[in-house]
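In what follows, chains carry the letters A, B, and so on, assigned in the order in which the sequence lines appear, proteins first and then strands, with residues in each chain numbered from 1. What you see below is based on every heavy atom in this structure, not just the backbone, and it leaves out hydrogens, waters and symmetry mates. Since we're looking at a predicted model, the values are computed, not measured.
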Amino acid sequence: MTDPTRDPGQDRLDELASAYLDGEVTGDERARVENDPQLQARVERLRAVAEAVGGGFTPLSDEDATMQRRRARLAGEDVVLAGPVAPAVRRDRRVWLPPAAVAAAVLVILALVGVLLIAAAGTGGGSADTASAGKAETAGGAATDTPSSASAAVGGTTLRELGSFADNAALRRTLEQLADVTTLAGAYQSDESTTRVKAAEVQRCDTTVRAAQSDLGDRLAFAGAEIGGRRVLVFSHPVEGSAGGTAKTQLTAVDMETCQPLFAVIR
Amino acid sequence: VTGPARDPPGTLAPGVAEGDDDLVSRARAGDERALDDLLRRHQDRIHGVCRRLVGNEADALDATQEALISIVRGLPRFDGRSSFSTWAYRIATNAALDELRRRARRPVSSLDDARPGRREPVQPGPSVSQAVGDRLDVDAALAEVPLEFRAPVVLRDLCQLDYAEIAEVLDIPPGTVRSRISRGRAALAERLADPEGNPAPPPDRRNPRP
């Protein structure tokens with residue numbers, strides 16, 4: 001960017017004075033500035049400008065500062081925890097059974113299956129009907145075979161399923177791409193899949209999330225997901241008083257059993 | 001290079017650099033308290049960068065929030081080649097630039113026109129040193145300085161980065177940093193001395209030395 005009205009000679013003097021102010025001059029340049037009263041005057045003029053830029057603004061209020069840090073920690077929680085320490089801990093927790101123990105366990109399971117089959121043959125064909133009825137009643141839509149789907153309840157609230165994810169980051173990416181954050185719809189493959197869950201469980205986790213973060217408004221939507229076999233609830237809440245007047249929505253993933261937040265995405 | 005000793009406003013306390021390294025290590029290992037301390041330590045300066053670059057508080061708050069989130073999410077990838085503060089200011093600068101781009105795409109409303117960062121009618125001040133005491137004067141004047149000059153001035157005068165660090169943050173040569181800071185300060189001085197925008201050469205220009 002070149003300003004034709006500027007005098008290149010004066011620009012060089014300004015640059016020298018400015019660099020002197022910052023301690024970014026050679027010994028010769030420094031001597032020149034210190035021996036020239038007019039250059040010293042330029043330095044003082046620029047010093048006033050530099051001090052104005054460096055100060056004078058109002059720092060963040062404690063409330064704003066605390067809220068911003070909390071949101072940042074929540075938004076990045078899974079990323080930070082996925083650092084170098086966490087995987088090592090997980091590996092240490094893996095337990096390997098000796099081959100003999102595995103073989104014994106297989107034999108016990110086979111024996112139990114055999115006993116159940118014999119018992120079923122003795123009671124006639126009615127059990128098949130009972131099993132299929134139970135499945136339909138529990139699913140209330142597409143069946144789910146996740147281990148923790150035990151929390152699904154007959155007559156509960158319909159829970160839209162976001163799908164199964166390998167880890168928090170995978171679910172986060174999906175949430176970051178959702179087309180509609182107010183209904184939690186639009187970016188996942190199994191958006192028609194639903195299950196049922198006790199309304200009280202949804203409410204309990206929603207209350208926990210909002211108790212931890214006072215600037216969240218009334219819940220807009222919620223959905224279910226599975227991360228590595230763990231059941232997760234995802235809530236959509238408006239962020240009240242969003243900075244800049246821009247309405248924002250926070251998507252919070254929580255463990256369905258404990259209601260503890262796993263991470264959040266602000267859209 | 002040498003120069004006069006300078007006591008910059010808002011300088012971080014001695015020993016902060018070592019403290020940052022410890023906090024970064026603990027935060028990366030999942031220590032939430034360390035992460036909070038790290039963010040708390042730099043939050044005001046990050047907010048200051050955003051405030052000075054975007055020119056108004058509302059957009060600065062948005063940019064600050066985005067910067068903090070980016071810092072937390074990027075922490076596992078922070079390689080320590082630069083100091084944490086330099087890395088954080090780079091993120092803050094980028095967040096502020098993103099905010100300015102978003103603002104440029106927003107339709108202009110009457111409310112936008114009333115923001116402090118916009119040019120507001122400010123009474124001409126008789127001197128730079130009197131005008132600089134007014135925060136609105138500084139923000140309004142900075143908003144009129146081209147961004148390529150504004151950013152290095154803010155990183156130098158607010159964050160106290162040296163020219164090499166500013167060059168790294170802005171990805172420009174150190175020599176360019178020197179000239180841009182000079183031109184940014186000169187433009188700022190003229191605007192602070194005469195906020196109406198009338199040409200007002202500094203006193204020493206009326207009697208240039210040969």
Segment of Arg180(B) engaging chain A (4.5 angstrom heavy-atom cut-off): neither
Under 4.5 Å from any heavy atom of chain A - which part of Thr64(B):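 For Thr64(B), the contact with chain A is made by backbone and side chain together.
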Ring geometry between Phe84(B) and Phe78(B) (parallel below 30°, tilted from 30 to 60°, perpendicular above 60°): perpendicular
Residues Glu15(A) and Arg178(B) bridged, charged N to O under 4.0 Å: yes
Ion pair check, Arg32(A) and Glu29(A), cut-off under 4.0 Å: no
Close side-chain approach of Val54(B) to Asp62(B), heavy-atom, < 4.5 Å: no
Pick from Met67(A), Glu44(A), Arg69(A) with the largest number of heavy-atom pairs that fall under 4.5 Å of chain B: Arg69(A)
